Student: 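Below is the structure I would like to discuss, written out as structure tokens.
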There are 2 protein chains.
Amino acid sequence: MILSNACDYGIRAALYVATQRDRKFVPIREISEKLQISFHFLTKILQILTQANLMTSFRGPNGGVAFARDPNQITLMDIIQAIDGPGIFEKCVLGLSECGDEHPCPLHERWAEIREELRQMFQSNSLARMATKIQQKGFRITDYLGNPNSTIH
Amino acid sequence: MILSNACDYGIRAALYVATQRDRKFVPIREISEKLQISFHFLTKILQILTQANLMTSFRGPNGGVAFARDPNQITLMDIIQAIDGPGIFEKCVLGLSECGDEHPCPLHERWAEIREELRQMFQSNSLARMATKIQQKGFRITDYLGNPNSTIH
DNA sequence: CATATTTAAGACTCTTTTGTCTGAAATTAT
DNA sequence: ATAATTTCAGACAAAAGAGTCTTAAATATG
């Protein structure tokens, strides 16, 4: 798919943390249980985000992860870039290495437009804004189906 | 990326064959050399396309592969579906299994629109039409850079 | 200090993707 | 017939992605 599994997990975890406004640090164990993601795998992914200075972490009781800066200033784009790298928004859809306006592949022009829409989709709303929408509109970030209001406990 | 390597190779090979209008069968060896793709790997990929009844093949001298039906009736979409399956155009961008209009993820609505544009990009032009454009406008289907007119010999 | 909690780090396994290689089968040409 | 050409089939290997597990380090609490 367009994003790796790890990236999907990272995004969902970040959105979960963003919905926990008032709390300082959210334990990875809790995130993994709520979103039903392997704890150890999620730990590795969140370490990438802390190493990228998007999140901070704190060990010991009451520890966990939190955003390193205001979640109004972080977008999904930041998370995608940290986990999957810039590939999606740079590479030729046919895998040609020098594809560009000068030496375009047959899909280059249209793909560049769509890629730009994807970029907009991923960076037009901050995590804080998305968290609000998730709660107001009952959007899902977990596979659990049911009362939207219980999706995030 | 959005398409697998194998799918990129399959698309480029199909476009190359489409540019060879008058010829009956195009040898895989020739395609692999022109497009600089591993011969054996490309063979396997083209076998997928013949098994999907998009192409036919013929063994022996003067053998090779050709389209099983009029290339005016085949699109990149057909090739993508055969090699990568329907995943891209069906799955949730966050990997949620039941994501849809009833239980949407935060990106569902916008992603559905963009996915539709991708679908259009891949099926709005037939292989025959694309081959014409490749030749008229000098579009590239190989990594080789240089005189566009020599891209496809 | 001792213990419990929680992230950090890294080794390890499993699966999928990508790619290589060999031999068989079909076809043509000599 | 024999040899050359070309796809077919499948084993095999290498690399990347996904996921598991163990141990260490940091922090809090009693």
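From a predicted model like this one, the values you see are computed outputs, not experimental measurements. Numbers restart at 1 for each chain; the letters A, B, ... are given by sequence-line order, proteins then strands.
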Student: Atom CZ of Arg29(B) to atom C1' of dC21(C): distance rounded to whole Å?
Tutor: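 Going from CZ in Arg29(B) over to C1' in dC21(C) covers 12 Å.
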Student: Between dT13(C) atom C1' and Phe41(A) atom CZ, what is the distance in whole Å?
Tutor: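 The answer, rounded to whole Å, is 14 Å.
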Student: I'd like to know if Asp78(B) and Arg69(B) make a salt bridge, using a cut-off of under 4.0 Å between side-chain N and carboxylate O.
Tutor: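 A salt bridge links Asp78(B) with Arg69(B).
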Student: Under 4.0 Å, counting only non-hydrogen atoms across every strand here, what does Glu30(B) touch: a base, just sugar-phosphate, or nothing?
Tutor: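 Nothing: the residue Glu30(B), judged by heavy atoms under 4.0 Å, touches no strand.
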Student: Are the side chain of Asp143(A) and the backbone N or O of Ser97(B) linked by a donor-acceptor pair below 3.5 Å?
Tutor: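 Yes: the side chain of Asp143(A) pairs with the backbone of Ser97(B).
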Student: Could you say whether Asn62(A) or Lys44(A) is positioned toward the 5' end of DNA chain C, judged by the nucleotide with the nearest heavy atom to each?
Tutor: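 So the residue in question is Asn62(A).
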Student: At under 4.0 Å between heavy atoms, what does Leu46(A) touch on the DNA or RNA strands: base, sugar-phosphate, or nothing?
Tutor: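 Nothing, no nucleic acid heavy atom in range.
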Student: For a 4.0 angstrom threshold against heavy atoms of chain B, report the outermost contacting nucleotides of DNA chain D in 5' to 3' order.
Tutor: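 Answer, 5' to 3': dT5(D) to dA11(D).
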Student: If you find the nucleotide of DNA chain D closest to Pro61(B) and the one closest to Pro61(A), which residue's nucleotide is nearer the 5' end?
Tutor: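 Residue closer to the 5' terminus by nearest nucleotide: Pro61(B).
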Student: At under 4.0 Å, does any side-chain N or O of Ser57(A) touch on OP1 or OP2 of dA8(C)?
Tutor: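 So the side chain of Ser57(A) is within the cut-off, an N or O lying under 4.0 Å from OP1 or OP2 of dA8(C).
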Student: Determine whether a donor-acceptor pair (N or O, by modelled atom type, separation under 3.5 Å) exists between the side chain of Arg12(B) and the backbone of Ile37(B).
Tutor: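 No, Arg12(B) side chain to Ile37(B) backbone: no donor-acceptor pair under 3.5 Å.
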Student: What is the separation between atom CD1 on Ile45(B) and atom C1' on dT17(C), rounded to the nearest whole Å?
Tutor: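 Taking CD1 of Ile45(B) and C1' of dT17(C), I get 11 Å after rounding.
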Student: So, does Tyr9(B) get its side chain near the phosphate of dG19(C), meaning an N or O under 4.0 Å from OP1 or OP2?
Tutor: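 Answer is yes, contact under 4.0 Å.
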Student: Would you check if the side chain of Arg23(B) reaches a backbone N or O of Ala66(B) as a donor-acceptor pair within less than 3.5 Å?
Tutor: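 No, the answer is negative, given that no donor and acceptor are paired below the 3.5 Å cut-off.
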Student: Quick one: label Phe25(B) by what it contacts on the DNA or RNA (base, sugar-phosphate, nothing), any heavy atom closer than 4.0 Å.
Tutor: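 Nothing, no heavy atom under 4.0 Å.
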Student: Choose from dG19(C), dT28(C), dT6(C) the nucleotide whose nearest atom is closest to any side-chain atom of Arg59(A).
Tutor: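 Of dG19(C), dT28(C), dT6(C), dT6(C) is nearest to the side chain of Arg59(A).
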Student: Pick base, sugar-phosphate or nothing for Phe39(B), based on heavy-atom distances below 4.0 Å to the nucleic acid.
Tutor: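 It contacts base atoms.
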Student: Could you go through the salt bridge (charged side-chain N to carboxylate O under 4.0 Å, His left out) check for Arg110(B) and Glu117(A) one step at a time?
Tutor: CA-CA 9 Å; Arg110(B) 183 75 185 108; Glu117(A) 293 187 57; 2.7 Å; yes
Student: Asn5(A) CG to dT16(C) P: how many Å, rounded?
Tutor: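 About 12 Å, once rounded to whole Å.
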Student: In whole angstrom, what separates Lys24(B)'s NZ from dT28(C)'s P?
Tutor: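 The answer, rounded to whole Å, is 12 Å.
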Student: If I take atom CD1 in residue Ile83(B) and atom C1' in nucleotide dT16(C), what distance separates them, rounded to the nearest angstrom?
Tutor: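 From Ile83(B) CD1 to dT16(C) C1': 16 Å.
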Student: More than 12 foreign heavy atoms under 6.0 Å from CD of Glu109(A): is that the case here?
Tutor: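 It does not: Glu109(A) CD has 12 such atoms or fewer within range.
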Student: Just by distance, no angles: are the side chains of Thr132(B) and Arg21(B) close enough, under 3.5 Å, to form a donor-acceptor pair?
Tutor: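 A donor-acceptor contact under 3.5 Å links the two side chains.
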Student: Within the structure, does a side-chain N or O atom of Gln47(A) lie under 4.0 Å from either OP1 or OP2 of dG10(C)?
Tutor: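 No, Gln47(A) has no side-chain N/O under 4.0 Å of OP1/OP2 on dG10(C).
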Student: Between dT28(C), dT20(C), dA8(C), which one does the side chain of Phe58(B) approach most closely?
Tutor: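 Among dT28(C), dT20(C), dA8(C), the one nearest the side chain of Phe58(B) is dT28(C).
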Student: In whole angstrom, what separates His40(A)'s NE2 from dA11(C)'s C1'?
Tutor: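 The answer, rounded to whole Å, is 13 Å.
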Student: Taking atom CZ of Arg129(A) as the centre, report whether more than 12 heavy atoms of other residues, nucleotides or ligands fall under 6.0 Å from it.
Tutor: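 Check fails, neighbour count at 12 or below.
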